[in-house]
Asks: 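Got a structure for you, written out below as structure tokens; questions coming shortly.
Source: prediction; values computed, not measured. Chain letters run A, B, ... following the sequence lines, proteins first and then strands; every chain starts at 1.
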Protein chains: 2
Amino acid sequence: MKFEATTIKDIAKALGLSTSTVSRALRDSYEISEETKKLVLECAEKLNYRPNPIALSLKERRSRSIGVVVCEIANNFFSQIINGIESVAYERGYNVIIAQSHESYEREIMDLQFLASRSVDGLLISVSTETNDTAHLKSLHDRGLPIVFFDRILEGLETHSVGVDNFKGAYEATEHLIKSGYKRIACLTNSEYLSISNERLTGYKEALLSYKMNVKENYIQHCFYGGMIFSEVEEAVNKLFTQKQKPDAIFTTSDKLTTGCLKTLHRRGLKVPADIALVGFSNSDIAELLHPALTVVRQPAYEMGRAATELLLQQIESKRPIKQFEKRVLLPELTIRHSSTPKIS
Amino acid sequence: MKFEATTIKDIAKALGLSTSTVSRALRDSYEISEETKKLVLECAEKLNYRPNPIALSLKERRSRSIGVVVCEIANNFFSQIINGIESVAYERGYNVIIAQSHESYEREIMDLQFLASRSVDGLLISVSTETNDTAHLKSLHDRGLPIVFFDRILEGLETHSVGVDNFKGAYEATEHLIKSGYKRIACLTNSEYLSISNERLTGYKEALLSYKMNVKENYIQHCFYGGMIFSEVEEAVNKLFTQKQKPDAIFTTSDKLTTGCLKTLHRRGLKVPADIALVGFSNSDIAELLHPALTVVRQPAYEMGRAATELLLQQIESKRPIKQFEKRVLLPELTIRHSSTPKIS
DNA sequence: TTTATTTACGCAATCGTTGCCGATAACGTG
DNA sequence: CACGTTATCGGCAACGATTGCGTAAATAAA
């Protein structure tokens, strides 16, 4: 099964011209007479000619495609990010090739191999939870592949990056719980490898300290796979309830952790917020429909995707290597709903 | 900024061989001595050689990439589908290029242009809600581009297709409402252009008729943009409540319609299911956490994506044009939760 | 020893496009 | 008339990899 498209040769043959002339006529070169140009253009139209991007890629050594690596597509936050990425890429005539790491370092390396071998012009990546070194990225980057980090950012590689103010998001969420009267606030967070985990965790801790509350390590649970595996979340939540002093609120630091946590609380028959309050990072657009309506920290995912892609394309299309790298930080937004209703005590 | 990869020429030069010999050695041709092969292989390893897929594409007239057109990525159902698509494509060494139609016919045509010009080897498409003819697809299909429909299937084009038994899903959902004691069951559905809408609507109607209940046209509301635009859903729901006989249950036929409907009911201050029951198609994985826990018809989205991609790749890689087309129909699953609790009357 | 066969490799064309150079004709200039 | 200029166009090579064909050398067969 082949798909035969008309080439510049077909036009040349039809008009008795050379391919060079046709090529130039199509690119509106000054060397070609208006008459010939018109002929060529008409013929191209008639034969429905489309330049072959593959041939162009080969010649120009660029593919006009960018690679995107995320842990999962089926995740509100990332699908919204991809939406933003796709919108800019589309505007600028670029393909988006998507790969999922499924939170596996090994798979991430395979993804990069794959994307590099497909000659992507640039890379947008939110690293997997297992990733704690930059070796695999560095080798590509050193060979000249533009890379932009988004969401999960790795130190040790000089590139652009786009994220949110994780500290602020976490601080405000925790502060909100404190101000709502909660005294024993636990935190469910991702792998310690991830920059975002640590920033959010720090925000949580700082908020507690600001209000003269203790940071209890027992109240901090790490879920290595960040909610991708439900049983892990369930176990972490259960651990929180083995404490002598049971927490009266939980702050969760990612989308799947938040929903996973809520699910576990439901299964344990706990009432939110009566028995325990819940505030979490989430980009679900039905947070208000949850039981109870969820207080969430929402990230501007679409804008993050757009910003990251703009930075990447700017770098790809830059004539000179870029030395000055930008770290763009957007603001998360706290939306207060019922899951953190002020405590009655 | 360029990304220089090692080519077959570099190996040839390094070893004092011709490119043909290197090429053949790498492909383990019988014409090359074991000795030379070993040299070449070692050198390729050392220089970290990766064949340039663009050059291969140009020569073999295939790009090893497939195009996917959906209305929206940021939608549970479609992101799960894409997950399935990506999994098969990755296994088989294909790229996935994603385009969104945003439910616009015009945008869909542009997407197809774009994908065709990027020389995709095949196309997976769930048409936009505005699409009601096959002209744009037919011209590509006639020129030999393999196409597989999924979810939303268009008549008038002989291709493979993958969907669910929409009739059954809708029938069972409606039947469940009937058996739960609901008497005035309304239906919120998508554009009449879409095959899935009609099949689901028919399932709804047939269920009513089977139980000797009237089909009231006033109880059927079409949302042209299928929930993509919230205000449309809100308006449709509000219309249902202007009836003299207000409905006591709503059946919604797609993911965003279901959540949009629930959101509207919340805003109107209606209790579900006490004031009105709700059952809908949805692939949200937090349906059980909604208020109330939602009774849903869930489609095996991941499997649909996998099946569609397998059919497409089979067609792409087939030597002879395929004459016999398959319509693969998977089974949706009804999960009963609280939003359709038996009526107390 | 001569001829046939095998082994192992190189040359060149090809995919579609463009850049560089060269060619040709018409025309103007001194 | 000789030469330079300009306008228009064609030929060739190259991007990276594959492949049909040709061929030299080595080996086997006659």
Asks: Whole angstrom is fine here: how far is it from CG in Leu56(B) over to P in dG16(D)?
Replies: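 The distance from CG of Leu56(B) to P of dG16(D) comes to 12 Å, rounded to the nearest Å.
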Asks: Between Thr134(A) and Leu137(A) (side chain of the first, backbone of the second, donor and acceptor by atom type, cut-off under 3.5 Å), is there such a pair?
Replies: no
Asks: May I ask you to say whether Lys46(A) pairs ionically with Glu42(A), meaning some side-chain N is under 4.0 Å from a carboxylate O?
Replies: no
Asks: Has Lys327(B) got a side-chain atom pairing as donor or acceptor with Gly163(B)'s backbone, closer than 3.5 angstrom?
Replies: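 Side chain of Lys327(B) to backbone of Gly163(B), a donor-acceptor pair under 3.5 Å: no, none is there.
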Asks: Where along residues 38-49 of chain B does a heavy atom come under 4.0 Å from DNA chain C, residue by residue in number order?
Replies: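 Contacting residues: none.
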Asks: Round to the nearest Å and state the distance from Asn52(B) atom CG to dG16(D) atom C1'.
Replies: 6 Å
Asks: Does Thr129(B) reach the side chain of Tyr193(B), with side-chain heavy atoms less than 4.5 Å apart?
Replies: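 No, every pair of side-chain atoms sits at 4.5 Å or beyond.
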Asks: Measure NZ/Lys13(B) against C1'/dG16(D) and give the value in whole Å, please.
Replies: 13 Å
Asks: For the helix from dT1(C)-dA30(D) to dG30(C)-dC1(D), figure out the bend between the end axes, five pairs an end, and round to 10 degrees.
Replies: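 Both end axes considered, the difference amounts to 70°.
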Asks: If you look at every strand shown and take non-hydrogen atoms under 4.0 Å, does Thr7(B) touch a base, only sugar-phosphate, or nothing?
Replies: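 Result for Thr7(B) = sugar-phosphate.
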Asks: Can any side-chain N or O of Thr6(B) pair as donor or acceptor with the backbone N or O of Leu47(B) at less than 3.5 Å?
Replies: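 Confirmed, Thr6(B) side chain pairs with Leu47(B) backbone.
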Asks: Go along nucleotides 4-11 of chain C 5' to 3' and tag each nucleotide: B for a protein heavy atom under 4.0 Å from its base, S when only backbone or sugar atoms are that close, - otherwise.
Replies: ----BBBB
Asks: Between dC15(C) atom P and Glu60(B) atom CD, what is the distance in whole Å?
Replies: 14 Å
Asks: Is it the case that atom CD in Glu106(A) sees more than 12 heavy atoms from other parts of the structure closer than 6.0 Å?
Replies: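 Not more than 12 within 6.0 Å, no.
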Asks: Looking only at side-chain N and O atoms, does Asp133(B) offer a donor or acceptor that is under 3.5 Å from a partner on Tyr105(B)?
Replies: yes
Asks: In whole Å, I'd like the distance from the CZ atom of Arg118(A) to the P atom of dA17(D).
Replies: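 Rounded to the whole Å, the gap is 14 Å.
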Asks: May I ask you to decide whether Arg328(A) forms a salt bridge with Glu303(A), counting only side-chain N to carboxylate O separations under 4.0 Å?
Replies: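 Salt bridge between Arg328(A) and Glu303(A), a charged N being under 4.0 Å from a carboxylate O: no.
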Asks: Tell me whether the rings of Phe325(B) and His141(B) are parallel (<30°), tilted (30 to 60°) or perpendicular (>60°).
Replies: tilted
Asks: Side-chain N or O of Lys59(A) versus OP1/OP2 of dA13(D): is the shortest distance under 4.0 Å?
Replies: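 For dA13(D), OP1/OP2 do not have a side-chain N/O of Lys59(A) under 4.0 Å.
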Asks: Please determine if Glu34(B) and Lys38(B) form a salt bridge, counting it only when a charged side-chain N lies under 4.0 Å from a carboxylate O.
Replies: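 Between Lys38(B) and Glu34(B) there is no salt bridge, as every charged N stays at least 4.0 Å from the carboxylate O atoms.
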Asks: Please check: side-chain N/O of Asp10(A) versus main-chain N/O of Thr7(A), any donor-acceptor pairing under 3.5 Å?
Replies: yes
Asks: Please report, rounded to the nearest Å, how far the C1' atom of dT18(D) is from the CD1 atom of Ile54(B).
Replies: 17 Å
Asks: Is any side-chain N or O of Arg27(B) closer than 4.0 Å to OP1 or OP2 of dA17(D)?
Replies: no
Asks: Would you kindly give the NZ-to-C1' distance between Lys9(B) and dA12(C), to the nearest whole Å?
Replies: 13 Å
Asks: Measure CG/Leu58(A) against P/dG19(C) and give the value in whole Å, please.
Replies: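 Spelled out: CG on Leu58(A) to P on dG19(C) is 14 Å.
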Asks: Test your reading of the model: is there a side-chain donor-acceptor pair from Ser119(A) to the backbone of Ser63(A), 3.5 Å cut-off?
Replies: no
Asks: Classify Arg62(B) by what it touches in the nucleic acid, base, sugar-phosphate, or nothing, heavy-atom distance under 4.0 Å.
Replies: nothing
